[in-house]
Amino acid sequence: MRDTKGTLIYILKRLLLMIFTIIVIFIICFMLVRLLPDSDNPGPGKDPTTFYRIQVAIGRYYEVSPGQYEQLPLLTQLWNFIKNLFVPSTYMNSSGQLVEVSRWGYSWEIDYLQSPIDILFSRMTPTVLINIYSMFLSIPIGLLIGIYMALKKNKWQDHTLSIIVMLFISVPSFVYAFLIQYFLGYQWGWFSPTMADSSMYGWFSGTMINSMVLPVLAMSFGSIAGFARYTRAELTEVLTSDFMLLARTKGLTRAQATVRHAFRNSLVPIFPMILGQIISVLSGSIVIENIFVVNGIGGLFLDSINKRDYDVFQFVAMFYILIGLVGGLVVDISYGLVDPRIRMGGGKGQ
Amino acid sequence: MRKRLLKGTATCALLCTTLAVLASCGGGVNNGELYTYNTYLSIAPSTWNTHNWETSEESYIQSFTEMGLYDVILNETKDGYTVVSEMAASYPTDALPTMSREEQQEAKEITGVTGNLDEGYIWDIELNQNAKWQDGTPINADDYLKSMELLLSPEYVNYRADSYYASNLVIANAERYNKQGRQTIEPAYSYLDLNNTSQSPAWTTTEAYQGQAEFINLGATNPLFDDIFSGDTTDVTLSSFITQFQSDDTMPEAVRLACYRIEDAVKGYLLYEHVTSVDTPDVGWEEVEEPNDIEEEQLNEDIDVNVFDTTDIQVRTELFVSEGETTVKTEKYSRSLLIDDLNTILSGTAARFTWVGRRWAYLTLLRVYVYNDDTVEFSEVGIRKMGDYKIRLFLSKKITSLDLRFSLTSNWIVKTDLYEDLTVQYGDALMTSYGSSKVENYMSYGPYKLESFSATSFRIVRNDQWYGYTDGKHEGQYQMDELYTRIITDHSTAMQEFLAGNLDDIELNRSEMSTYGNSSRRTTTLESYTQKISFNSDRPSLLARQTNGTNKTILANDTFRKGLSLAVNRNDMASTTTAGSQAFTGLLNGLYITDVEKGEMYRDTAQGKSVYTELYKAEGGDPYADGYTETALSEGDNGYNFNMATKYVAEAIKEELASSENGHLQSGDTITLQLRVYDSTSENTTLLTGFIRSEFTDVINAAVNRLKEEDSTAYGSLNLKFELQVITDQDYYNTAKTGRYDMIFSIWGGAATNPYNLMQVYADSEFTNCCEYGFKGKQDEVYLEIDVNENGTIEASTERRTYKDWYEYLNGNTLVEPEGERDANGDFVDPELQAEYKKVHTEKLNILAGLELGILGRFEAVPLLAQGTSSLTSFKVENGTNTYINLVGYGGIRFMTFNYNNAQWAKAVSEAGGDLSSSYRG
């Protein structure tokens, strides 16, 4: 890191920008989800008074006159939410202790009266495990296939693998998820077709790992294909560079030149991709989780929107936005770490 | 193909052989083997708190872990149902005969009964002394009282609080207790200190007056009028009060003018509010064009007097038109002018009240916010502890013993200490996470207890503390050891799990019916819901949404809607678009019971059957055939006759083309109807809407062709098209209430044991959920004749009422069937009682059928299907009965028996190659 000060200033700038971005996105998310059409009527069979009392309590409505309720202006709702985020209200519990309400509010539709933080983190484990296993599988296999394809460029091996790779990139994941579930799970019975219950088997038992194989495979196919294609493209380009000729003329074997020079150089754009994969272990796939009955967070985001579970949506959205922004920053910084020629924060004059 | 068949036959034979062997062994529960029932839900319950559940998923867990005071179960012969005591030790007993005179007097005060306290109001219930919570703590009367207190607490917001005052079972003062502390608008007169001599108002209670807002309401009554007029003034509103002054020539002109000015102001504002500034007027306001069009009942609206400062409302400044002018002079109104006018009016009563003339006097004619400080202690609520294991219910509505038992098949008790520990105060409300998220947040007391819970699965196991396992009254019941429920959102995954033997039931969708429709393991479960199309028949609101070149107003033509109804082949619709629903033409399907004790089904009664006969008595045959004579449509056709439909649609088109109404149908128009649905992409909706589109298009095209054939001169160049637009509208019920729609799929049903009350949906003008815009709000204006006494003539005084009046008469206190001992056939042992019952019951049936026929005959609510579902049940288990029995279905978990324990089932599935699909095919 030859220009530490410049890099630090760059990071600081990005952090400040990130805070600004978060605030803007926070407001946009808050507004947009509440602008979605939603019934202002409790619906058949529900006591309207109770419905509106809850709406008033959670700060969405106010009682204009007895029996007449109207939505609070969005800005007022936003202000109330922010106020509760920093200065949560308190109440006396049945033991006489003063307790704060959840800063991020509560779930009213998905998991009644649970804090969105608890809901998100209670569903994190299976998602993270599947993603990590998938990552451990897809990165080495993807890179190896990519290298092999580059080395066998334009030969039948390359063509065959390219077709397979394109197939996995083009076909939506749920298609091969269904296929592997049907054949490997139900027809041949090699693996459990749906994920086992963690409350019975724990996270690292044989049964649990067996039941995770299919979702992991389904998650991995696309990534393997992506890594293979990218690695092939980068490595092919590097292998045809002049310095590779120089390396060979210096007396290096093809393998030495490929590993020491070509592969390392081709990693410059691939490494951030891997980093992105690592960061995305926190995000779940709605389709895969539905098919394999995984108690993950894939569906939580969509569920919170569909059910208008506003507080859950707000927290989940902000969590992923934060992860995304931090991830983006880390990836950008990683360019400089991987390739010293890339300097952070360099202006035009530098 | 041959191989597959062989494999299927072999698997089936293997399963059947094993099943026969095992069945001969009998299914025991204590033989050391585990019997698990594996099932699934597509949505996880967000709570299972018995005080707060809303959806069917949210009541799922309690159906295993809780138990009502009584329960409806399969009878001994398994061909009907019976009511048994569970958490109660015995049937409820009417306490009145055992009560002393003092106790009866106290009971009258609690129940609010004004006349003689009759039987049916006070009930004693002995509690089951063996009942315990899953932790072994006994359940006693205190649990029932404290739980009821929490359920009804005005501080908690519990969706189920109204279960014990808004249904058949009305516990005295429960509603008052639950709703105390709410804010209302009341006449200020009741709260003003009239002896106050200062110029500022003084209030008799500081708690009552909430704020500064003052409201004027011409349609509301005021106790002031009791003091102004003598005699019965309960119906005197501010409007009728000022009308009297207006027409009283003895009143000073200033007073009369003030009356007119106030009327001008209020009506002017209402006109502005409801007609000018709102895109779509409220119900009844569409015909209001000028202040004089405003009806008396439309005046009943609280208007904040400050609006006169912010809205340009003109009022007259003179009582009579000046000479040379055509109208009276006007000025812009304001709050201060209103106050002056109110004080002027009061001056007309000057002689009677000392306070008239004071600055605040005007308030006596206005209304203000009042905090409802009608403090009700829980001790006033009609539930008492009569012993450690005995409670007494005081009801403010009479109920029969049978109805009471039915009402108490669900329970309200919660583990109160845990409930309170889990309480959160949010805003001004208390909420509890009891029965949500975690096992620790809940306490079971039924045959099973919750063992584990997560967002994708939960396990329910035997509750060893349940009395039923040792009381000798539940022999052969509850063979299941545990219930494992998974949340499987994806249907194809659930189907694969079922076929792999991992689930013991699966609900079939339409596309699976072709494969498994004939399976011996298929059962159909009917629901008390009728799926119908609700049409908008209101011409102005249809016209408002009509654009050039399109037509919607034809929907207001009764003959057209009738034609559309006859054009739907409901039999085909049920078989091609649904998995378990049945073609249906009524509002109340075959599940509704009109005599619970006798098991009399409404649709089996002569009255129930007469509805179809009457409605379709002239709709059979081919009206275009030579020698056509009026023919009844057969029941098997289920309201379908395409040629008759064509005839009606053609007639309607002719009428509309010839109409002089604004926006009437013209040649070249496209009849464009929008069908609003919750999710236009779901398989079920796509199939249904596709079917409707096809049927409607066919009949309209056929009608146009018929017209061209019949009269080529007049209709030779007739050009009409039809377009059905399917619109996704997740709030379509509310859209329908505003009239901004053409048609919706509306699905309605209710308690199968109370079909009479369900008529409210269609016959009560004030019932907000009525979806038939055009009829909605008019049920108290439109008359219906029903030959209640079956004498063949209509007596104008008793047999001609509005729809609303019929509904109220049917559900009021006049038609009350007697109670008494019945024989095995359900008839009363006492012949007098039997005669009385027969008379009242027949009248009720006649009115119910008359109302149903009346509503159906309007063709605004057009029933299509009686909803139902089809499921497959695994070979692992057997239902208590193979015939669907109303109220108890196939017997439920209570009577389910197991052919295999878990190990045996796993082995059987493995031997079948892990794929049972061939076994389940018919």
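Letters A, B, ... mirror the listed sequences (proteins, then strands); counts begin at 1.
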Let me see the working for A/Ser199 and B/Arg459 under side-chain hydrogen bond (donor to acceptor under 3.5 Å, both in side chains), right down to the final yes or no.
CA-CA 10 Å; A/Ser199 64; B/Arg459 188 174 294 276; 5.9 Å; no
Do A/Phe178 and B/Asp490 pass the side chain to side chain contact (heavy atoms under 4.5 Å, CB included) test, and can you show the C-alpha distance, the side-chain angles, and the key distance before you say yes or no?
CA-CA 11 Å; A/Phe178 271 125; B/Asp490 185 67; 3.5 Å; yes
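Neither the backbone nor the side chain of A/Val99 has a heavy atom closer than 4.5 Å to any heavy atom of chain B. With a 4.5 angstrom heavy-atom cutoff, B/Ser433 touches chain A via backbone and side-chain atoms both. For B/Tyr484, the part lying near chain A is the side chain, with the backbone staying farther off; criterion is any non-hydrogen pair under 4.5 Å. For a residue to count as touching a neighbouring chain, one of its non-hydrogen atoms must lie under 4.5 Å from one of that chain's; by this rule B/Tyr156 touches chain A with the backbone only. With a threshold of 4.5 angstrom between heavy atoms, B/Asn52 approaches chain A through side-chain atoms but not through N, CA, C or O. Residue B/Glu497 touches chain A through both its backbone and its side chain, counting heavy-atom pairs closer than 4.5 Å.
Heavy atoms of other residues, nucleotides or ligands lying less than 6.0 angstrom from OH of B/Tyr529 number 12 at most. Counting non-hydrogen atoms of neighbouring residues, nucleotides and ligands closer than 6.0 angstrom, the CH2 atom of A/Trp190 reaches no more than 12 such neighbours. For B/Glu155, the CD atom sits in a loose shell: 12 or fewer heavy atoms of surrounding residues, nucleotides or ligands are nearer than 6.0 Å.
Going from atom OG of B/Ser492 over to atom CZ of A/Phe174 covers 10.5 Å, rounded to the nearest 0.5 Å. Between B/Ser46 atom OG and A/Asp309 atom CG the span is 8.5 Å, to the nearest 0.5 Å. To the nearest 0.5 Å, atom CG of residue B/Asn502 and atom OG of residue A/Ser192 are 7.5 Å apart. Summarising the geometry, atom OG1 belonging to B/Thr456 is positioned 11.5 Å from atom CG belonging to A/Asn290; distances are rounded to the nearest 0.5 Å.
Per-residue counts of heavy-atom pairs under 4.5 Å with chain B were compared for A/Ile291, A/Asp197, A/Val294; the largest is that of A/Asp197. Your options are B/Ile488, B/Thr432, B/Thr47, B/Leu499, and the one with the most heavy-atom pairs under 4.5 Å with chain A is B/Thr432. Per-residue heavy-atom pair counts under 4.5 Å with chain A were compared for B/Ala44, B/Ala429, B/Ser436, and the maximum is reached by B/Ser436.
Scanning residues 77-87 of chain A against chain B with a 4.5 Å heavy-atom cutoff picks out A/Asn84, ordered by number. Listed in order of number, the residues of residues 107-123 of chain A that approach chain B to under 4.5 Å between heavy atoms are A/Trp108, A/Glu109, A/Ile110, A/Asp111, A/Tyr112, A/Leu113, A/Gln114, A/Arg123.
Inter-residue side-chain proximity for B/Arg486 and A/Thr194 is flagged as met; some heavy-atom pair is nearer than 4.5 Å. Put simply, the side chain of B/Val424 reaches to within 4.5 Å of the side chain of A/Tyr91, judged on heavy atoms. Within the 4.5 Å cutoff, the side chain of B/Ile43 has heavy atoms near those of the A/Lys307 side chain. Between A/Gln181 and B/Thr493 the shortest side-chain heavy-atom distance falls below 4.5 Å. Side-chain contact between A/Tyr106 and B/Met431: absent, with no pair of heavy atoms (C-beta onward) separated by less than 4.5 Å.
In terms of heavy-atom proximity, A/Tyr186 sits nearest to B/Ala500 at CD2-CB, 3.7 Å. Here the closest non-hydrogen pair linking A/Val101 and B/Gln425 is CG1-O, 3.3 Å.
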